[in-house]
Amino acid sequence: MVSRVIPVEPFDLVIFGATGDLARRKILPGLYRRFCDGQMPPDASIIGAARTEQDSAAFVAQVVEAIETFLPATKRDQDSLAAFCARLRYVAVDAMGEGGWAELAQMMRPDVVQAFYFSVAPSLFGALAERLHHFNIARQDARIVVEKPFGRDRETARALNATLAAHFNETQIYRIDHYLGKETVQNLMAVRFGNTLFEPLWNAQYVDHVQITVAEEVGVGGRGAYYDKSGAMRDMVQNHLMQLLCLTAMEPPARFEPDAVRDEKLKVIRALEPVAQKQIVRGQYQAGVKPSYLDDVENPASRTESFIAMKLQIANWRWNGTPFYLRTGKRMKARKSEIVIHFKTPPHSIFDADAGRRANVLSIRLQPDEGIDLRVTIKEPGPGGMRLIDVPLDMSFAEALGPEAADVPDAYERLIMDVIRGNQTLFMRGDEVEAAWGWTDPIIAAWEAQGTRPLPYAPGSTGPEEAAILMHQDGRRWQDI
Ligand code: BG6
C-alpha cells in the first residue's frame with residue numbers, strides 16, 4: 001500500500017539558522033524527502049538565512065553534505081538532489097542589525113504561502129519578528145515556526161508569547177513539539193476515536209493505570225551545556241511526555257481541528273494534580289563504557305536529572321483514581337517509547353482460582369518498530385483443564401501495511417508540510433505551553449530549594465531502583481524496556 005501524497009501550495013520558506021544543527025539534521029533533509037515524494041510543487045522556494053557571509057552555491061554545497069550525512073543512500077539520489085538544490089537560495093542576514101534584510105525582501109514573492117522557520121536561539125525571536133515587519137517582509141498571513149525550548153518556566157514562556165504576539169496572531173504561530181508529528185502519536189487518536197471498541201473503556205472504571213515511557217540509549221554528550229541547564233523535566237517531560245499524556249487522557253474533541261484538539265489538551269493539563277516529591281524519582285547516569293553524566297556535562301557538582309519517573313493523577317471524572325506513570329531517561333537499556341494502557345482485571349472470574357486472572361494491556365509503540373499491541377486472554381491450548389494465558393494481537397505497521405507504508409515520513413517532514421497547509425492541529429498553542437510550565441514550575445522550584453542530588457543509576461539500566469519501588473508500592477510494575 002503506497003501512501004497518498006497531496007502536494008502543497010507553492011511557498012516561500014525562509015529558514016533562519018539554516019546553517020545550524022537542526023536545519024542540517026532534520027529540516028533540510030526532511031524538505032528534500034518531501035520533494036522526492038512529489039509533495040513540493042515545482043515553484044517552491046527555500047531560502048536559507050544565517051549570519052555567515054556566503055553565496056547560495058556555498059549553502060547548496062552544505063545542504064548536499066547534510067543530506068548525504070543524515071539520510072541513508074536508499075533515500076536519496078543525485079538527480080532529485082540536483083533538482084531539489086535548484087529550489088534553494090541563501091541570504092546572509094544580521095538578526096540584530098540591518099544587513100541582508102532588504103535583500104531578503106527582494107527574494108519573497110507576493111502570491112505564495114509565506115513561512116519563516118525560527119531555528120535560532122529564542123533570544124533572537126523578538127529581533128527577527130521586529131525586522132520581518134520593519135522591512136515589510138512578513139505579510140498578514142505569514143506563518144512562523146518556533147522550536148522548543150519554548151521558555152524555561154512559565155514566566156519566560158509568557159514573555160516569549162508576548163514577544164511573538166506583538167507581531168503575529170496566534171493563528172500564525174506554529175510551536176513545534178516533534179513528538180506530535182510522529183506517526184504513532186497520530187495513530188493514538190485514530191485508535192481512540194476511530195474505533196468503537198476502546199473509547200467506552202477509556203476511563204477510570206476500566207483502566208487500572210497508564211504508563212508512558214520514553215527511554216533513550218544515548219547520553220547527553222555534545223549537548224551538555226544546554227542539557228545541564230534543563231534536565232529531563234524541562235527537556236522531555238514538560239513537552240513531549242506532557243503531549244503524550246494529553247492525547248491519551250483528553251476528552252474526545254468534537255472535530256479533529258486545531259482549537260478543538262488543543263482545548264481538550266489544555267483541560268488535561270489544568271486538571272493535573274500537584275505532584276508530591278515522594279512520587280518523583282530523579283536519576284543521573286553513572287560511568288560505564290562511556291563517561292558519566294557529570295563528565296558529559298563537565299560539571300562535577302551538577303544536580304540536574306537525566307532520568308525521571310513520576311506518578312500523576314488527573315483530577316476529573318474520567319480519570320479519578322487512575323494513576324498515570326511517566327518515565328524518561330538517557331543512557332537507558334534501550335531506545336523505546338510507548339504508551340501502555342493497563343486495563344483492570346475482569347470483575348469476577350468464572351474459572352477456578354488456579355486458572356489465573358489477567359488484564360488486557362494495550363501498548364502503543366512509538367519507537368522503534370511502530371505499532372500497536374493488545375494482549376488478550378485465551379485458554380492455553382491443549383488438554384488438562386482451563387488455564388488462561390494472554391497472547392498478543394499485534395499490529396506492527398511494517399507487517400500490516402507493507403514496507404512502503406512502514407517507511408513513514410519523519411515527524412519534521414509532516415509538521416513542516418502542515419505549516420505550509422496552514423494546519424495547526426499538531427502544534428502547541430501559547431496557553432497550552434504556559435499551562436504545562438505552570439505545572440512543572442513548582443516541582444522544579446522544590447528541587448532547587450532542597451538542593452538534593454539525583455540518584456545514581458547504571459548506564460544501560462532501567463533507571464534507579466527507586467523507580468521500580470515507586471511502582472511496587474502500588475502493587476504494579478513497569479513494562480520492560
Ligand atoms: C528532543 C530532546 O526534543 O527530543 C532530546 O531535546 C531528545 O534530548 C529528543 O533526545 C528525542 O527525540 P526522538 O524523536 O529521538 O525520540
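Start at 1 with the first residue, then count along the sequence. Counting convention: from 1, in listed order, for ligands and their atoms alike.
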For this session: Indicate yes or no: does an N/O atom of His240 lie under 3.5 Å from an N/O atom of ligand 1?
Result: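 Yes: some nitrogen or oxygen of His240 is under 3.5 Å from one in ligand 1.
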Exercise. Is any N or O atom of Tyr226, backbone or side chain, closer than 3.5 Å to an N or O atom of ligand 1?
Worked result: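 There is no such contact.
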Exercise. Which is it for Val210 and Thr248 under the side chain to side chain contact (heavy atoms under 4.5 Å, CB included) test, yes or no, and what are the steps along the way?
Worked result: CA-CA 9 Å; Val210 177; Thr248 308; 4.2 Å; yes
Problem set entry | Test item: Phe198 and Leu362 side chains (from C-beta on) under 4.5 Å apart, heavy atoms |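 A side-chain contact exists here, since the closest heavy-atom pair is under 4.5 Å.
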For this session: Could you see which bit of Arg335 sits under 4.0 Å from ligand 1, with heavy atoms only: side chain, backbone, both or neither?
Result: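 Looking at Arg335 and ligand 1, just side chain atoms fall under 4.0 Å.
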Exercise. Should the proximity of Tyr179 to ligand 1, defined as any heavy atom under 4.0 Å, be assigned to the side chain, the backbone, both, or neither?
Worked result: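 Side chain only.
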What atoms of ligand 1 come closer than 4.0 angstrom to any heavy atom of [X]?
X	value
Lys330	5 (C), 7 (C), 8 (O), 10 (O)
Lys148	1 (C), 2 (C), 3 (O), 6 (O)
Asp235	2 (C), 5 (C), 6 (O), 8 (O)
Gln367	13 (P), 16 (O)

Exercise. Atom 14 (O) of ligand 1: which of Met236, Arg223, Glu147, Lys182 has the nearest heavy atom?
Worked result: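 Among Met236, Arg223, Glu147, Lys182, the closest heavy atom to atom 14 (O) of ligand 1 belongs to Lys182.
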Exercise. Taking the minimum heavy-atom distance to atom 7 (C) of ligand 1, which of His178, Arg234, Glu216 ranks first?
Worked result: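 Shortest heavy-atom distance from atom 7 (C) of ligand 1: Glu216.
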Do [X] and [Y] have side-chain atoms, one donor and one acceptor, less than 3.5 Å apart?
X	Y	value
Tyr412	Arg25	no
Trp447	Gln277	yes
Glu147	His178	no

Only distances under 3.5 Å count here; give the side-chain donor-acceptor pairs of residues 427-436 to other protein atoms, sequence neighbours excluded, each with its distance to 0.1 Å.
from   : atom 1 : to     : atom 2 : distance (Å)
Arg429 : NE     : Asp431 : OD1    : 2.9
Arg429 : NE     : Asp431 : OD2    : 3.4
Arg429 : NH1    : Asp259 : OD1    : 2.8
Arg429 : NH1    : Asp263 : OD1    : 2.9
Arg429 : NH2    : Asp263 : OD1    : 2.9
Arg429 : NH2    : Asp431 : OD2    : 3.2
Glu432 : OE1    : Arg429 : N      : 3.1
Glu432 : OE2    : Gln243 : NE2    : 3.1
Glu432 : OE2    : Lys265 : NZ     : 2.9
Glu434 : OE1    : Arg158 : NE     : 3.3
Glu434 : OE2    : Asn161 : ND2    : 2.8

For this session: Walk me through it: do Asn299 and Asp228 pass the test side chain to side chain donor-acceptor pair (under 3.5 Å)?
Result: CA-CA 8 Å; Asn299 176 9; Asp228 202 37; 2.8 Å; yes
